[in-house]
Amino acid sequence: MRILVVEDDENLNRQLADALKESGYVVDQAFDGEEGHYLGETEPYDAVILDIGLPEMDGITVVEKWRAEGKVMPVLMLTARDRWSDKVAGIDAGADDYVAKPFHVEEVLARVRALIRRAAGHASSEIVCGPVKLDTKASKATVNGTTLKLTSHEFRLLSYLMHHMGQVVSRTELIEHMYDQDFDRDSNTIEVFVGRLRKKIGVDLIETVRGLGYRMQAPSDGH
């Protein structure tokens with residue numbers, strides 16, 4: 001899962017990025033509204049954390065532009081303002097949720113997890129596919145109750161496939177959501193990670209759809 005943090009306070013931006021990375025996310029950072037808008041316009045994100053009071057372009061304008069451009073990724077707005085009208089303006093502009101400063105980072109992480117789950121059609125913090133259970137809150141996965149020992153890339157791959165269960169996900173899409181903008185992306189590595197993941201899961205849940213990508217679903221779905 002790939003997150004964009006747009007916050008001009010460098011310490012807070014770093015604090016949020018570090019916490020997200022520790023939770024298994026790939027994180028891109030922007031420090032003003034124009035840079036944030038550009039990244040959100042050109043890169044695919046699973047969620048965005050967006051400050052409302054930004055230099056160059058304010059957060060409300062940024063999210064308005066994204067929505068006008070057809071961008072549908074969930075947006076969590078950060079605001080230091082107490083006025084309810086600012087929160088309403090953010091939601092009306094297209095934001096999905098907001099957190100008022102000062103806040104606990106854990107609350108932001110919980111809201112991001114919820115936004116990503118809802119965007120993928122999942123209500124619970126646990127996503128289940130056959131014997132595999134993904135605990136999005138604890139950032140861990142189990143097979144028949146036994147914890148899977150996964151690398152960060154393997155976890156991101158499993159998480160993305162499980163959030164999009166039943167859907168064919170292309171290698172390009174996986175690359176875009178597993179690596180940050182500066183990573184040297186190689187589609188061949190995806191096949192390596194899928195192979196490792198299949199061995200660790202030990203159950204045939206990840207199907208290769210020739211020429212298209214991969215699909216993960218439980219055997220009971222008829223596959």
Colleague: Do the side-chain N and O atoms of T189 and Y179 include a donor-acceptor pair separated by under 3.5 angstrom?
Modeller: yes
Colleague: Judged by modelled atom types alone, do Y45 and D28 share a side-chain donor-acceptor pair under 3.5 Å?
Modeller: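 Short answer, yes.
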Colleague: Check whether any side-chain heavy atom of F31 lies under 4.5 Å from a side-chain heavy atom of L54, and answer yes or no.
Modeller: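 No, too far: nothing below the 4.5 Å cut-off.
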Colleague: Under the rule for side-chain contact (heavy atoms from CB on, under 4.5 Å), what residues qualify as partners of V209, not counting sequence neighbours?
Modeller: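 For V209 the side-chain contact (heavy atoms from CB on, under 4.5 Å) partners, ignoring immediate neighbours, are V168, E207, L212, R215.
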Colleague: Stepwise, does the salt bridge (charged side-chain N to carboxylate O under 4.0 Å, His left out) test hold for E41 with K71?
Modeller: CA-CA 7 Å; E41 182 184 31; K71 302 299 179 183; over 6 Å; no
Colleague: Would you indicate whether the side-chain heavy atoms of I60 and I52 approach each other to under 4.5 Å?
Modeller: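 With C-beta onward as the side chain, the pair touches.
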Colleague: Apply salt bridge (charged side-chain N to carboxylate O under 4.0 Å, His left out) to the pair R111 and D97, showing each step before the final yes or no.
Modeller: CA-CA 8 Å; R111 289 177 180 269; D97 198 0; 2.8 Å; yes
Colleague: So which atom in E7 and which in K101 form the shortest heavy-atom distance, rounded to 0.1 Å?
Modeller: OE1-NZ, 3.0 Å
Colleague: Salt-bridge test for R14 and E10: reply yes if a basic N is under 4.0 Å from a carboxylate O, no otherwise.
Modeller: no
Colleague: Does this structure show an ion pair linking R67 with D96, if we count only N-O contacts that are shorter than 4.0 Å?
Modeller: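 Here R67 pairs with D96 in a salt bridge, since their nearest N and O are under 4.0 Å apart.
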Colleague: Can you find a pair of side-chain heavy atoms, one from L150 and one from L197, that are under 4.5 Å apart?
Modeller: yes
Colleague: With a 3.5 Å cut-off and no angle check, do the side chains of H37 and E69 form a donor-acceptor pair?
Modeller: yes
Colleague: Any luck finding a side-chain donor-acceptor pair between E43 and Y38 under 3.5 Å?
Modeller: no
Colleague: Mind checking the CD1-CE spacing from I127 to M162? Nearest 0.5 Å is all I need.
Modeller: 6.5 Å
